[in-house]
Amino acid sequence: MEGLEGTLAGVRETFESGRTRSIAWRKSQLKAMIEFVQDNEEKIFKSLDQDLGKHPVEAYRDEIGVVAKSAKHALSCVQKWMTPKKGNLPLLFFPASAQVMPEPFGVVLIMGSWNFPISLTLDPLIGAISAGNAVILKPSELSPTCASFLAETIPKYLDPNAIKVIEGGIDVCHQLLQQKWDKIFFTGSQRVGRIVMTAAAQHLTPVTLELGGKCPAILDSISNPNNMKVIAKRIVGAKWGSCSGQACIAIDYVLVEEKFASCLIDSLRKTMKRFYGESPRESKSICKIGNETNFKRLLNLLKDPLVQASIVHGGSVDEETMFIEPTILLNPPLDSQIMTEEIFGPLLPIITLDNIQESIEFINSKPKPLAIYAFTKDETFKKQILSKTSSGSVTFNDTLVQFICDSLPFGGVGQSGFGRYHGKYSFDSFSHEKAILQRGFFPELEPRYPPWNNFKLQFIKLAYAFNYIGLILLLLGLKN
Amino acid sequence: MATVEEQKTVFDMDAANMLNKELRDVFASGKTRSYEWRISQLKSIIKMCDDHEEDIADALRQDLSKPELESIVYELTMLKNSCTLALKELKHWMMPEKAKTSLTTFPSSAEIVSEPLGVVLIISAWNYPFLLSLDPLVGAIAAGNAMVLKPSELAPASSSLMAKLLPEYLDSSSVKVVEGAVSETSALLEQKWDKIFYTGNGRVGRIVMGAAAKHLTPVVLELGGKSPVVVDSDIDMQVATRRIIVGKWGCNNGQACISPDYIITTKDCAEKLVGSLKKELETFYGKNPLESKDLSRIVNSSHFARLTKLLDDDKVSGKIVYGGERDEANLRIAPTILLGVPQNSLIMKEEIFGPLLPIFIVSKIEDSFDMINSGTKPLAAYLFTNNKKLKEQFVMSVSAGGVVINDIALHLAVHSVPFGGVGESGTGSYHGKFSFDAFTHKKAVLYRSFVGDAAVRYPPYTRRKLTLMKALITGNVLTILRALLGLS
């Protein structure tokens with residue numbers, strides 16, 4: 001596709017002109033980004049409603065607010081982030097100085113996903129801009145309204161020669177991945193993640209893969225009924241409250257001791273009723289299923305008769321509006337698909353254990369998740385969870401909020417991806433850390449040079465060990 | 001090497017799979033995570049280096065005719081330094097890092113916990129077979145991983161010495177050595193690792209990353225590239241040339257990833273530079289450098305053939321101003337300087353990785369930037385100058401893994417800066433704390449309690465919640481108050 005290569009060449013030319021490196025450019029783009037979300041709030045609400053049935057509050061919390069917050073944070077910090085860091089040097093190198101200087105990678109590709117089509121596209125973009133890169137943005141074609149909104153509106157705010165939005169489906173992705181990028185930032189599924197990384201390998205392009213996984217919530221015995229209320233809200237919020245479970249950090253399943261299961265289900269039911277009313281189908285506060293593929297996949301998860309039999313709440317489906325009722329399942333078979341793949345939808349299996357300590361082993365028997373949530377007051381148990389499981393993040397006694405902490409790196413490990421972003425980590429994710437060592441011509445140490453002899457060997461050995469006294473003794477001929 | 005006769009079973013896919021499983025079990029046992037385990041392994045590496053200094057120097061002599069001083073300084077001492085630093089700093093590195101939390105998540109506390117990635121694979125190179133195997137290994141150990149080391153088969157004496165020594169000194173259940181070539185490496189690459197650390201060339205780098213993609217395994221690729229040296233006028237030419245010579249020929253006879261690949265200078269400087277290089281080369285390596293004990297040989301006949309082909313290129317063969325002698329039987333090529341070779345010659349199309357050094361002339365020294373930037377990003381870029389402005393421009397406009405002003409290769413020995421490439425010269429970095437980080441997952445941990453639960457987070461959603469939400473996310477106290485009081 002000639003058009004694509006032409007576009008790319010244009011963007012590369014812009015990068016090579018050096019324009020995107022200046023602090024002024026970066027700041028102007030970040031400011032424009034803030035303006036963009038402010039000016040277009042209503043349009044974004046509308047697009048998100050159309051693609052996903054997302055309520056404005058949810059849309060603000062998970063998308064617009066995230067972008068505005070990140071852009072503001074970046075704007076206030078970018079100068080500091082750009083400043084080279086000093087490195088310590090051994091005395092032996094005196095006079096010299098060492099620095100680590102962040103420099104932009106060059107032309108980067110950001111591939112967004114459909115569940116948070118605004119924030120998961122623009123949040124990485126903030127990192128790429130802060131770091132001074134030129135960018136091609138590829139929003140997901142599965143949220144078409146948002147994709148065309150971005151393609152149409154972004155060029156009006158951001159430097160159109162340095163930042164381009166390219167719309168399209170699999171074909172376009174394929175063509176994009178053939179090109180040589182200086183970095184690829186991908187948010188999406190493991191299957192596509194593999195394809196992206198395989199393509200990147202051809203050009204030795206570094207990648208960040210923001211994937212998902214089955215994020216568990218561990219519920220320890222909580223006797224205080226007020227605590228239980230809060231927990232239920234947080235669980236419901238993290239399952240159905242964020243794009244109806246179609247979120248990479250949504251709770252996938254809950255682990256609880258058998259004796260607490262009924263109490264948990266009860267609390268969840270009550271909370272759901274309060275949140276979504278008698279008929280969640282009519283609630284405006286819950287997203288719909290994003291697309292047909294995902295809808296069919298979710299129906300398929302429910303088809304298994306043993307899974308059907310485990311439904312304790314909800315389970316109704318409306319094919320016409322692609323609505324799936326918030327559904328709770330109690331102990332579906334562990335080898336059923338619903339427990340072997342990421343659910344990514346409004347179904348919540350509750351798995352009971354004899355003892356909550358077993359949750360660690362249970363989690364470790366599966367690929368590493370993006371997030372682990374644990375509700376517990378037991379400090380020893382907290383420590384065990386931290387040291388014995390592995391995940392992108394661990395959040396105690398709450399859900400999802402780790403996503404909005406700028407000071408915490410956000411990213412996966414193992415099957416949930418690698419590389420990280422948010423706050424300074426976004427900047428780092430799009431920067432190469434260049435090591436710089438500067439020296440003068442004097443003094444010059446003779447033993448650095450051949451022809452080699454034993455004296456020079458001794459000298460260098462001592463020098464490496466920074467044994468200055470030994471060095472002096474050697475030079476004075478007092479040491480052999 | 002009395003054990004060479006030992007029967008070796010074939011290392012195939014099944015064997016690789018079993019090895020991987022075995023290491024997963026060991027890692028799962030938690031043994032490698034303890035501070036004590038890491039410290040004991042690091043200490044053992046130092047002990048191994050001390051006990052076997054001569055054996056190691058011998059192996060390097062066999063593989064590369066590496067001068068003893070180079071072996072001891074650039075391989076062993078550097079390695080021991082890495083261990084010493086890790087031993088000193090490990091407790092500090094392992095400590096969770098406190099992270100600030102904002103008003104949005106109040107009340108809460110956050111930290112970043114360093115955890116080992118798991119079971120890692122280190123594939124190493126032949127030019128610094130000990131350092132490039134064991135220095136990443138130090139990082140992997142410090143970070144608490146279980147690991148497999150695959151040394152390069154092109155340095156066979158070093159490879160088999162490591163295969164023999166490592167199990168004697170290190171915990172052989174957690175640190176494994178697999179010797180072998182393409183088929184063994186392929187079998188290893190089929191397995192799922194939690195990190196692959198590869199040192200070598202871009203061609204194999206692509207294969208490694210492609211294989212890693214199947215398992216979504218992160219990689220560090222330490223590759224090479226054509227590292228340029230820009231020489232400005234008005235400098236102490238003698239010091240500059242001496243530093244260039246030890247950086248080029250004094251580091252494994254140019255067979256190093258950060259070796260100067262070519263020089264760019266101005267016309268008025270070139271003559272002086274060539275004169276000085278000739279003079280100092282003779283001081284260092286004598287009149288007949290093919291006989292010098294202070295120069296490594298070419299690693300094998302295929303590399304020898306590759307290098308002589310570069311020299312025999314029609315466009316190049318007439319441009320030799322110094323050296324050019326070769327001794328095929330002993331795989332030796334003398335330090336060779338070429339002046340005025342055309343840029344489209346073979347020697348400029350690939351990384352030289354040997355004792356040949358072409359010099360290019362530009363009319364203005366600033367033109368060197370364009371010449372460097374027209375190629376792929378190198379692992380290192382060097383500049384000799386006293387001009388402050390030129391230094392600044394060079395640092396700003398040349399993209400490379402590392403930049404050194406007025407010296408060569410010295411950044412390798414500085415633990416406070418990351419060592420690694422960019423673009424074609426690789427991805428990821430190591431040395432010092434960066435080695436620890438290369439093998440560590442930074443886990444974000446957020447602690448919350450049950451208080452401080454804002455109703456605004458939860459449905460049913462209303463316009464008022466939207467207003468409050470906006471205030472909360474910005475974390476602005478005044479706006480939050482106003483929103484709570486219903487004033488905005």
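Note on naming: letters A, B, ... go to the chains in the order of the sequence lines (proteins, then strands), and numbering restarts at 1 for each one.
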Enquirer: For A:His55 and B:Pro460, indicate whether the former's side chain and the latter's backbone hold a donor-acceptor pair under 3.5 Å.
Expert: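 Pair absent, no side-chain N/O of A:His55 close to backbone of B:Pro460.
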
Enquirer: Can you check whether A:Gln415 reaches B:Lys192 side chain to side chain, under 4.5 Å on heavy atoms?
Expert: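 Yes, their side chains come closer than 4.5 Å.
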
Enquirer: Counting only non-hydrogen atoms closer than 4.5 Å, does A:Phe410 touch chain B with its backbone (N, CA, C, O), its side chain (CB onward), both, or neither?
Expert: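 For A:Phe410, no heavy atom lies under 4.5 Å from chain B.
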
Enquirer: Would A:Gln438 and B:Asn406 count as a side chain to side chain contact (heavy atoms under 4.5 Å, CB included) if you check the C-alpha gap in whole Å, the side-chain angles of each, and the deciding distance to 0.1 Å?
Expert: CA-CA 7 Å; A:Gln438 306 211 31; B:Asn406 294 334; over 6 Å; no

Enquirer: Which residue out of B:Leu76, B:Ile112, B:Leu221 racks up the most heavy-atom pairs below 4.5 Å with chain A?
Expert: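 Looking at each option in turn, the highest pair count goes to B:Ile112.
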
Enquirer: Can we say B:Arg457 and A:Glu58 salt-bridge, meaning some charged N sits less than 4.0 Å from an Asp/Glu carboxylate O?
Expert: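 Salt bridge absent between B:Arg457 and A:Glu58.
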
Enquirer: Is any side-chain heavy atom of A:Leu437 closer than 4.5 Å to a side-chain heavy atom of B:Val403?
Expert: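 No. Closest side-chain heavy atoms not under 4.5 Å.
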
Enquirer: Where on A:Thr205 is there a heavy atom nearer than 4.5 Å to chain B: the side chain, the backbone, both, or neither?
Expert: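 For A:Thr205, the contact with chain B is made by the backbone alone.
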
Enquirer: Side chain from CB out, backbone as N, CA, C, O: work out which of these in A:Tyr373 comes under 4.5 Å of a heavy atom of chain B, or both, or neither.
Expert: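 Neither part; nothing is under 4.5 Å.
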
Enquirer: Run the salt-bridge test on A:Glu103 and B:Lys377 with the 4.0 Å N-O cut-off and return the result as yes or no.
Expert: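 No, A:Glu103 and B:Lys377 are not salt-bridged.
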
Enquirer: Do A:Tyr449 and B:Thr283 come close enough that some side-chain heavy atom pair is under 4.5 Å?
Expert: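 SC-SC contact between A:Tyr449 and B:Thr283 ruled out.
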
Enquirer: Using non-hydrogen atoms and a 4.5 Å limit, figure out which bit of A:Ser390 sits close to chain B: side chain, backbone, both or neither.
Expert: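 Both backbone and side chain.
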
Enquirer: Tell me, side chain or backbone of B:Arg243 under 4.5 Å from chain A's heavy atoms, or both, or neither?
Expert: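 Contact with chain A: backbone and side chain both.
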
Enquirer: For A:Lys72, is it the side chain, the backbone, both, or neither that has a heavy atom closer than 4.5 Å to a heavy atom of chain B?
Expert: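 Answer is side chain: those atoms of A:Lys72 sit under 4.5 Å from chain B.
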
Enquirer: Side chain to side chain contact (heavy atoms under 4.5 Å, CB included) for B:Tyr447 and A:Lys382? Distances and angles first, verdict last.
Expert: CA-CA 10 Å; B:Tyr447 297 87; A:Lys382 282 185 192 172; 4.2 Å; yes

Enquirer: Is the closest side-chain heavy-atom distance between A:Val394 and B:Lys443 below 4.5 Å?
Expert: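 They are in contact (side-chain heavy atoms under 4.5 Å apart), so the answer is yes.
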
Enquirer: In terms of heavy-atom proximity below 4.5 Å to chain B, should A:Ala200 be classed as side chain, backbone, both, or neither?
Expert: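 Both backbone and side chain.
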
Enquirer: Less than 4.0 Å between a side-chain N and a carboxylate O, is that true for A:Lys368 and B:Glu115?
Expert: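 Salt bridge between B:Glu115 and A:Lys368, a charged N being under 4.0 Å from a carboxylate O: no.
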
Enquirer: Quick one: what part of A:Ile385 sits under 4.5 Å from any heavy atom of chain B, side chain, backbone, both or neither?
Expert: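 The backbone, not the side chain.
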
Enquirer: CZ/A:Phe441 to CG/B:Asp407 distance, rounded to the nearest 0.5 angstrom?
Expert: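 That separation rounds to 9.0 Å.
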
Enquirer: Most heavy-atom pairs under 4.5 angstrom with chain A, which of B:Ile245, B:Val113, B:Ile235?
Expert: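 Option with the greatest count: B:Ile235.
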
Enquirer: If you take all heavy atoms of B:Leu466 and A:Tyr60, which pair is closest and at what distance?
Expert: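 Closest heavy-atom pair between B:Leu466 and A:Tyr60: CD1-CB, 3.3 Å.
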
Enquirer: Could you tell me if the side chain of B:Phe450 sits less than 4.5 Å from the side chain of A:Lys377, heavy atoms only?
Expert: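 Of all side-chain heavy-atom pairs linking B:Phe450 with A:Lys377, at least one is under 4.5 Å.
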
Enquirer: Chain B heavy atoms under 4.5 Å from A:Ser387: which part of the residue, side chain, backbone, both or neither?
Expert: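 Just the backbone, heavy atoms under 4.5 Å.
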
Enquirer: Please classify the contact between A:Lys180 and chain B as side chain, backbone, both or neither, with a heavy-atom cut-off of under 4.5 Å.
Expert: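 Looking at A:Lys180, just its side chain touches chain B.
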
Enquirer: Tell me, for A:Glu361 versus chain B, whether the close heavy atoms (under 4.5 Å) come from the side chain, the backbone, both or neither.
Expert: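 Neither part.
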
Enquirer: Flag the pair A:Lys456 and B:Asp294 as a salt bridge only when some basic side-chain nitrogen lies within less than 4.0 angstrom of an acidic carboxylate oxygen.
Expert: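 B:Asp294 and A:Lys456: not salt-bridged.
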
Enquirer: Heavy-atom distance under 4.5 Å between the side chains of B:Arg206 and A:Leu204, does that happen here?
Expert: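 In short, these two side chains touch, coming nearer than 4.5 Å.
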
Enquirer: Between A:His203 and chain B, which part of the residue has a heavy atom less than 4.5 Å away: side chain, backbone, both or neither?
Expert: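 The backbone, not the side chain.
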
Enquirer: What part of A:Ser416 gets within 4.5 angstrom of chain B, counting heavy atoms only: side chain, backbone, both, or neither?
Expert: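 Nothing of A:Ser416, per the 4.5 Å heavy-atom cut-off to chain B.
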
Enquirer: Report yes if some heavy atom in the side chain of A:Ile460 is under 4.5 Å from a heavy atom in the side chain of B:Thr77; otherwise report no.
Expert: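 No. Closest side-chain heavy atoms not under 4.5 Å.
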
Enquirer: Quick one: what part of A:Thr389 sits under 4.5 Å from any heavy atom of chain B, side chain, backbone, both or neither?
Expert: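 When you check distances to chain B, atoms from both the backbone and side chain of A:Thr389 fall under 4.5 Å.
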
Enquirer: Please classify the contact of A:Gln190 with chain B as side chain, backbone, both or neither, using a heavy-atom distance under 4.5 Å.
Expert: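 Contact with chain B: backbone and side chain both.
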
